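What follows is a set of notes on a single structure, which appears directly below.
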Amino acid sequence: EAQVTQNPRYLITVTGKKLTVTCSQNMNHEYMSWYRQDPGLGLRQIYYSMNVEVTDKGDVPEGYKVSRKEKRNFPLILESPSPNQTSLYFCASSGTSGGTDTQYFGPGTRLTVL
Amino acid sequence: LAKTTQPISMDSYEGQEVNITCSHNNIATNDYITWYQQFPSQGPRFIIQGYKTKVTNEVASLFIPADRKSSTLSLPRVSLSDTAVYYCLVGEEGGGKLIFGQGTELSVKP
């Protein structure tokens, strides 16, 4: 089954404790992207990747890191999480372009930073 | 990147046609318009995409006027299961940076 998976689905952590949220897709997509969703603010793009080893900032990249060492995986790294990063996070992938190709979203990761 | 503006919320009743309009005044020549639907606690999913005029699929229609500064998602005969948030996205062909709007929360009542 074609899908985007994220782990963990729920995470409660404390300020400053490094964490990684994994994202994996099995559709051989070149494009992958991370979003955060907060009440009243819709979906905001954090980082995106056009292909392996090619990443770029989205609208709200501060406090986040990403890497794209292999095509299927695109982990989101929070080196020193803070309470304002408490949010619902979505990973997505699409064929070659986020702007025109259908994006397939993962189920989401709900993060709480205390 | 084109910024999009949508109504925050809309109410409808079962069986009615619902039209949600998205404004994107600074859309560029290479930009496409895509609509996504999101149910609570789920990731968004693709509904429809267009460049100009009208596009129709099994679930919706998308109307885009000649100047392309707005687009209207049309949902025919909505049911309770169409209650969701609908996002309009304007994205560049071959592009990666995307800006979603705030979304329109559609509530369908019996």
Side-chain angles (χ1 to χ4, degrees), chain A residues 2-6 9-10 21 23 25 27 29-52 54-61 66 68 74 87-110, chain B residues 1-9 20 22-24 27-52 55 57 59-60 62 64 68 71 84-106:
Chain A
Q3 60 182 351
V4 177
T5 57
Q6 296 179 226
R9 294 290 312 281
Y10 302 90
V21 184
C23 173
Q25 50 93 6
M27 296 168 278
H29 284 165
E30 293 181 1
Y31 180 89
M32 297 186 76
S33 183
W34 275 103
Y35 301 88
R36 61 177 290 174
Q37 187 171 42
D38 303 289
L41 296 178
L43 286 161
R44 293 183 292 167
Q45 189 181 47
I46 302 171
Y47 270 95
Y48 65 94
S49 170
M50 299 297 288
N51 213 325
V52 176
V54 181
T55 63
D56 211 342
K57 296 177 181 179
D59 210 28
V60 288
V66 293
R68 186 91 181 274
F74 189 44
S87 187
L88 178 58
Y89 291 86
F90 289 101
C91 178
S93 74
S94 62
T96 54
S97 164
T100 49
D101 293 334
T102 300
Q103 288 194 75
Y104 295 85
F105 284 80
T109 295
R110 189 168 292 279
Chain B
L1 291 175
K3 182 183 175 185
T4 61
T5 303
Q6 308 171 228
I8 297 296
S9 64
I20 305 174
C22 178
S23 172
H24 27 80
I27 190 169
T29 303
N30 291 339
D31 288 345
Y32 283 71
I33 301 153
T34 310
W35 285 79
Y36 287 84
Q37 176 192 54
Q38 185 181 27
F39 296 113
S41 301
Q42 293 185 25
R45 66 175 187 177
F46 173 87
I47 302 176
I48 197 167
Q49 183 183 80
Y51 182 79
K52 61 180 179 181
V55 179
N57 62 22
V59 298
L62 179 59
I64 306 169
R68 305 202 324 126
S71 58
V85 178
Y86 293 83
Y87 288 97
C88 164
L89 170 68
V90 174
E92 182 182 16
E93 184 178 17
K97 188 166 185 176
L98 303 174
I99 297 181
F100 280 82
Q102 287 186 308
T104 297
E105 187 169 3
L106 173 65

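In what follows, every chain begins at residue 1, and chains take the letters A, B, ... in the order their sequences are listed. What you see is a predicted model, and the numbers here were worked out from it, not measured in a lab.
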Discussion item. Treating B:Q49 as the side-chain partner and A:T100 as the backbone partner, does any N or O pair qualify as donor plus acceptor under 3.5 Å?
Written reply: yes
Worksheet item: Within a reach of under 6.0 Å around CD of B:E105, are more than 12 heavy atoms found that belong to other residues, nucleotides or ligands?
Response: no
Fill in: Separation of B:F46 CZ from A:S94 OG (nearest 0.5 Å)
11.5 Å
Worksheet item: Given A:F105 and B:Q38, is the side chain to side chain contact (heavy atoms under 4.5 Å, CB included) satisfied, shown in steps?
Response: CA-CA 10 Å; A:F105 284 80; B:Q38 185 181 27; over 6 Å; no
Practice prompt. Report the C-alpha distance between A:Y48 and B:L98 in whole Å, list the side-chain angles of each, state the deciding distance to 0.1 Å, and finish with yes or no for side chain to side chain contact (heavy atoms under 4.5 Å, CB included).
Written response: CA-CA 9 Å; A:Y48 65 94; B:L98 303 174; over 6 Å; no
Worksheet item: Any chance CZ of A:R9 has more than 12 other-residue heavy atoms, nucleotides or ligands included, within less than 6.0 Å?
Response: yes
Worksheet item: Out of curiosity, A:D59 CG to B:K97 NZ, how far, rounded to the nearest 0.5 Å?
Response: 5.5 Å
Worksheet entry | Region of B:Q42 that comes under 4.5 Å of a non-hydrogen atom in chain A | backbone
Worksheet item: Which of residues 31-40 of chain A get closer than 4.5 angstrom to chain B, counting heavy atoms alone?
Response: A:Y31, A:Y35, A:Q37, A:G40
Worksheet, complete the sentence: Closest non-hydrogen contact found for A:M50 with B:G96 is SD-CA, 3.6 Å
Worksheet item: Would one find more than 12 heavy atoms of other residues, nucleotides or ligands at under 6.0 Å from atom CZ of A:R44?
Response: yes
Fill in: B:P44 backbone acceptor or donor facing A:Q103 side chain under 3.5 Å
no
Discussion item. If I measure from the heavy atoms of chain A, does B:Y36 come under 4.5 Å with its side chain, its backbone, both, or neither?
Written reply: side chain
Practice prompt. Could you tell me which of B:G91, B:G95, B:G43 has the largest number of non-hydrogen atom pairs under 4.5 Å with chain A?
Written response: B:G95
